[in-house]
Structures are given as structure tokens and as C-alpha cells.
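Have a look at the structure below before the remarks.
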Amino acid sequence: MSLTDQDEALISAALEGSARAWERLVRRYEGRVYNFALRMTGNETEALDLMQEVFLGVYRNLQRFRGDSQFTTWLFRIAHNKAVDMNRRKYLLTPLASLGGAEQTEDEVLEQLHDETQEQNPLTLLDTEQRNAGVMKLLNRLSWDQRLVVELKVFQSCTFEEIAEMQDISANTAKTRFYTAMKLLKTQMEQTHVV
Amino acid sequence: MSCNETAHIVAARFDDSLSPRQRRLLDEHVAACAECRDALADTQASAAQLRQWQEVPVPQWQRVPEGLREKQRASRPRFSFWTQWLPLATACMLALAVVLNVQVQIGGNGVQMAFGGSTQAQDISAQLAQFEQEQRTAQQQAMQQLAVQLEERQTTANLRLMETMVEQFGESTTRSMEQVLAYFEAQRQEDLQLLESSYQRLADSDFQTIRSVQQLANYVQYQGGQLQ
Ligand SMILES: [Zn+2]
């Protein structure tokens, strides 16, 4: 039985009121959604909020899932929309001067990520922290739209057509946006000697 | 020299669904175009750097939304069968013990079990009463351990059963149901075996709790009463 079939079995069981099926479905994808949220928001509290909003959105719209696309595609369409919503709210609520995502220092990023990795093996802890902080630092250099395209392509393996649909742009624009973002990251890496 | 195709070429490299023909055309272009070659090297380096990300474990959170929790509470009786699995298995075993005329003998060495004897439930209970007299200082431990062990088993058995059911769903309903039933039967057999070996351990032990043995007697008597 394929992953997709299992998803659909869990979805129909959840629709019939099985909390266990729902929980299994959630556990199957929460790691992906949470890490997506962490990379998009850059901090644990917001990531947890975002992940919860995503799954609540999934739950509320579950009967609308048709099965003509993969569940993960559908899930990340919701995740994308919730991330955009959250970013918009944040932008509206935050005075312009303190919108310092791109100015975040490596120490701040490290500090933010520290809590999230505390429960892991102490030996791998520092390594994980450093790697993730490095990735966050890079992502912070991108505009919000670029960041989303990169995230959806590199981490979620969405197609450019799917990304285009989510962002309401043409596939060509999505491709150009991706390329521009990846080039920018390379320049950034050279400047900070990451490679 | 400037190439207008670079963004597309790069995008295509990140596309897993290219046909062999598309892939060949891509390779041909990249082989001939230095700009795209550089662009590809750059973007692949960026992607490799991003993939350094290490999965961060998800903190504890409330996975089941309130609405579904309420639904679940309302439909609880549907699931009670599974949560009643152990009592059911125990009852089956004990009923079987009576039907098969299992003989429980209590002597100086504790409780012993044999099949096909003629001892009736009433005799068992009389012997147990005698045993109770003899073993005033008996310990509860073995029986409690058995209870804990069975409880743990029940949980894992139920989880495995759920898992199998979910995994078998959807292929074809008939086949799935057959598999679920086969799995159910296998679980039942395992539980019966466990129960049997537990009886054996009970028999091997010199000190048994009076209360626990009395409970067993009550079970047997109850089942006997039902069947006679
Ligand atoms: Zn070219």
C-alpha cells in the first residue's frame, strides 16, 4: 500500500471521526511542517504557532481534499498560505524599524535555535545548531517570496507549476525567482566563507 | 556572451520529472553553454548548503483538535471492543478452560493444570478454598506481574492491530478484512499462549496470592455457571 493510499485511508478514517487516524496523519507530516515553519519564521514559538495553524486548516478543510493531488501538495499549499498570512500579520503589527529579519546576527539565530535542539544528544547538539543557524542566516538574506520559492523547491520538492499556483505567478516567474534567489545565496556564501 | 535560457536550465535541473529526451537536451545545452554551467554549479552549491539543515524534533503539542476530541468522546462505544480486548481474551481463555475440562490441581507444589480431567468448577473452587487455608502468607507479586505484563501487551497489541488495519485499508475491502481477521486471529492465539504460559508460571510458583487465586476461581466459577 503506497504512502498516498495510506494518507487517504487515514483521511477517510479521520473524517469519520477517528482521532487516532487523525493523529497518525499529523505525526506523519508534523516534522516536515514544523521544520518548514522554523525555516520560514526563524523562531520556535512562531514555528509552533504556524504548524498548529496549518494542521487546523487541514482539519477544517479535510472534506475538501479530493485526492486528485497528493496530500503533501495540498498540505503545503495550506502551509504556504498560512505562512503568508502570518507574515502579513507580523508585518502589519511590527513597526517598520524593528523589522530586522535580514539584520539578525548569527548569535541571535544560534540563541533562537538553541532551545529547539536541547533534547538531542549533546554530542550532535552543537553541530545541528551551527548547521541550522548557518542555513537560517542564508535564508534571512532572501525576500519573503524568494524564501518561499527556495523552501518549496529545495526542501519540499514542489514543482515550479505548483509553486506558481501557490504564489499566483507564472511558472516562468517562479523559475526566475528561484534562480535569482539561489544566485544570491551563492554570493552570500562566498562573502561569509561558508564554503 | 549571454544566455537567455539560464533560469530555465537551472529550474530544469531541479525538476525530477524530466523525460530522458528532455534530460538529453538539457545536458547538450549545458555542455555547450559556459554561463549555464557556472549557474548550475552555483545553484547546486547553494542547495547543498541549504540541505545542511538538520531536522529539529517537534515539541509536544495538542494534535487532536477540540472538535474531533468531542466527536471521539461521542463515538466511544465503537472503540470499546478494542479497549476490552484483554478482558475478552481472558474470558475466552477461561471459558475454553471450562469447556475443555481443564483440571486445576492444588497440592503441596502449588497449582497444577491438566487437560481432559473430570474436575468440575465447583471442585476447583473447593480446592482453592483449601489452598487459601494452606497459603496464608502467599505473595501477590507473580499475579500482579502477570497483570502488568498483559496490560502492556494489550496496548502494543492494539496499536499493532490499528496499524495493520490502517495499512491494509483500501487495497480491496474484502482482502483487507480477511487480513485483519487473520491478524486478529494471530493476536488471539498469541494472547492465549501467553495466558497459558502464565498459568504454567503460576503453577511453578510455590507462593501465590490468595486473592489472585480467588479471583481466578471466581472467573472459572462465573464462566462455569454460564456454560453449565
Ligand atoms: Zn545557457
Side-chain angles (χ1 to χ4, degrees), chain A residues 1 5-6 8-10 12-14 17-24 26-27 30-31 34-35 38-39 44 48 51-52 55-56 59-60 113 116-117 119-120 124 127-128 131-132 134-135 138-139 150 153-155 157 159-160 172 174-176 178-186 189 194-195, chain B residues 5-17 36 38-76 78-79 82 158-159 162-171 176 179:
Chain A
M1 189 174 183
D5 292 343
Q6 288 180 25
E8 283 177 23
L10 289 170
S12 31
S18 165
R20 289 184 86 162
W22 168 257
E23 194 171 336
R24 261 199 75 172
V26 170
R27 281 185 188 275
E30 64 179 6
Y34 180 65
N35 280 268
L38 261 184
R39 287 185 297 261
E44 192 195 31
L48 197 58
M51 179 188 70
Q52 284 173 325
F55 281 109
L56 198 61
Y59 177 69
R60 287 190 179 138
L113 286 168
E116 294 141 16
T117 44
E119 280 166 28
Q120 290 179 317
T124 62
D127 196 34
T128 300
R131 281 167 188 243
N132 289 2
V135 173
L138 278 179
L139 289 173
V150 167
K153 188 69 217 175
V154 175
F155 292 101
S157 304
T159 67
F160 285 103
N172 279 347
K175 288 174 185 177
T176 315
F178 176 72
Y179 175 48
T180 312
M182 295 300 268
K183 232 176 10 183
L184 199 81
L185 291 181
K186 183 64 177 27
M189 281 156 60
V194 181
V195 265
Chain B
E5 294 297 312
T6 310
H8 279 90
I9 295 291
V10 166
R13 253 298 133 79
F14 282 83
D15 186 351
D16 304 325
S17 63
C36 284
D38 288 348
L40 270 180
D42 284 357
T43 47
Q44 276 163 350
S46 303
Q49 188 60 37
L50 292 176
R51 289 193 182 112
Q52 294 284 304
W53 179 271
Q54 307 253 303
E55 286 293 294
V56 177
V58 181
Q60 216 26 257
W61 68 290
Q62 182 55 258
R63 292 177 179 87
V64 181
E66 185 53 39
L68 188 54
R69 262 177 285 155
E70 273 163 19
K71 251 196 219 173
Q72 190 73 10
R73 271 194 291 274
S75 66
R76 181 130 301 168
R78 275 181 60 200
F79 292 87
W82 305 114
N158 282 346
L159 283 176
M162 276 300 289
E163 214 148 299
T164 305
M165 281 183 76
V166 169
E167 270 160 19
Q168 302 302 330
F169 255 65
E171 281 186 19
S176 307
Q179 283 169 335

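Labels below follow one simple rule: chain letters A, B, ... track the order of the sequence lines, proteins then strands, and each chain is numbered from 1.
Note: B/Leu50 leads B/Asp16, B/Val64, B/Leu50 in heavy-atom pairs under 4.5 Å with chain A. Heavy-atom pairs under 4.5 Å with chain B peak, among A/Glu23, A/Arg60, A/Lys183, A/Glu8, at A/Glu23.
In the model, A/Asn35 has a side-chain atom that pairs as donor or acceptor with a side-chain atom of B/Glu55 under 3.5 Å. Side chains of B/Gln60 and B/Arg63: a donor on one and an acceptor on the other come within 3.5 Å.
At least one donor-acceptor pair closer than 3.5 Å links the side chain of A/Thr176 to the backbone N or O of A/Asn172. For A/Lys153 (side chain) and B/Phe14 (main-chain N/O), a donor-acceptor pair under 3.5 Å exists by modelled atom type. Panel note: side chain B/Thr6, backbone B/Cys36; no donor-acceptor pair is recorded below 3.5 Å.
Within 6.0 Å of CZ in B/Arg69 there are more than 12 heavy atoms belonging to other residues, nucleotides or ligands.
Contacts between A/Ala181 and chain B at a heavy-atom distance below 4.5 Å are absent for every atom of the residue. Residue contact with chain A, scored on non-hydrogen atoms closer than 4.5 Å, is absent for B/Ala48. Using a 4.5 Å cut-off between heavy atoms, A/Leu185 contacts chain B through both its backbone and its side chain. Contacts of A/Leu139 with chain B are made by side-chain atoms alone, with heavy-atom separations under 4.5 Å and no backbone atom involved. Both the backbone and the side chain of A/Val154 come within contact range of chain B, each with at least one heavy atom under 4.5 Å from a heavy atom of that chain.
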